[in-house]
Amino acid sequence: MILFWASLVLIVVSMAIILYRLIKGPTAPDRVIALDAMGVTLISVVGLLSILVGTRFFLEVILLLAILSFLGTVAFSKFIEKGEVFDRGDSD
């Protein structure tokens, strides 16, 4: 049980470091990577809390966070690459 609490504390510390990179990041790709890393650490925090509380309810929350994190990373990456998220297909 102590190992779970220690892991939780270390992950929260890493979230603070990632938040610094998310705010301070010198380039947009650095911020996208930090945002993706924040999603992964948030998923791990929810997973550890699920273990500590002893419930399986949070597993659905983890799945939702993983899907949103993936979609956000893909959207930001496409925006950085092409300057737009949705291609409208205007061929006029």
Side-chain angles (χ1 to χ4, degrees):
M1 195 60 105
I2 293 172
L3 186 63
F4 289 125
W5 285 106
S7 299
L8 191 63
V9 168
L10 289 175
I11 290 173
V12 168
V13 168
S14 71
M15 283 180 80
I17 295 169
I18 292 169
L19 184 66
Y20 172 76
R21 179 52 58 196
L22 186 63
I23 294 170
K24 185 74 174 171
T27 62
D30 289 333
R31 289 188 174 108
V32 170
I33 292 171
L35 189 63
D36 188 44
M38 185 67 80
V40 170
T41 55
L42 185 62
I43 289 168
S44 62
V45 164
V46 173
L48 280 172
L49 285 176
S50 175
I51 292 170
L52 288 172
V53 173
T55 183
R56 300 180 80 183
F57 172 73
F58 293 122
L59 297 179
E60 295 164 356
V61 174
I62 291 172
L63 182 63
L64 180 67
L65 286 173
I67 291 170
L68 289 175
S69 176
F70 173 73
L71 290 176
T73 303
V74 169
F76 279 128
S77 299
K78 189 171 180 183
F79 180 73
I80 289 172
E81 181 182 353
K82 295 185 177 182
E84 60 184 18
V85 178
F86 298 110
D87 186 23
R88 298 182 187 202
D90 294 336
S91 59
D92 292 336

**Q.** Residues forming a side-chain hydrogen bond (donor to acceptor under 3.5 Å, both in side chains) with Ser50, sequence neighbours excluded
**A.** none
Q. Any chain of hydrophobic side-chain contacts (each under 4.5 Å) joining Leu68 to Ile43?
A. no
Q) Taking all atoms of both residues into account, what is the closest heavy-atom pair of Ile18 and Ala37, and its distance? A) CD1-CB, 3.8 Å
Q.
According to side chain to side chain donor-acceptor pair (under 3.5 Å), does anything in residues 21-34 pair up with another residue at least two apart or in another chain? List the pairs.
A. Thr27-Asp30
Q: Would you kindly confirm whether Ile23 and Met38 end up in one hydrophobic cluster when ILVMFWY residues are joined by side chain heavy atoms under 4.5 Å apart?
A: yes
Q. Minimum heavy-atom separation for Ile80 to Pro29, with atom names?
A. CD1-N, 4.0 Å
Q: For Leu59 and Leu63, run side chain to side chain contact (heavy atoms under 4.5 Å, CB included): C-alpha distance rounded to whole Å, both residues' side-chain angles, the deciding distance at 0.1 Å, then the answer.
A: CA-CA 6 Å; Leu59 297 179; Leu63 182 63; over 6 Å; no
**Q.** From Leu3 atom CG to Leu48 atom CG, the distance as rounded to the nearest 0.5 Å
**A.** 9.0 Å
Q: Enter the distance from Leu22:CG to Ile33:CD1 here, rounded to the nearest 0.5 Å.
A: 11.5 Å
Q) Is any side-chain heavy atom of Leu8 closer than 4.5 Å to a side-chain heavy atom of Leu49? A) yes
Q: Indicate the atoms forming the closest heavy-atom contact of Ser69 with Gly39, along with that distance.
A: OG-CA, 3.9 Å
Q) According to a 4.5 Å side-chain heavy-atom criterion applied to Ile, Leu, Val, Met, Phe, Trp and Tyr, with indirect links allowed, do Leu35 and Leu64 form part of one hydrophobic cluster? A) no
Q | Same apolar cluster (I L V M F W Y, side chains within < 4.5 Å links), Phe58/Val12 | A | no
Q | Verify same cluster id: Val40, Phe4 (apolar side-chain graph, 4.5 Å) | A | no
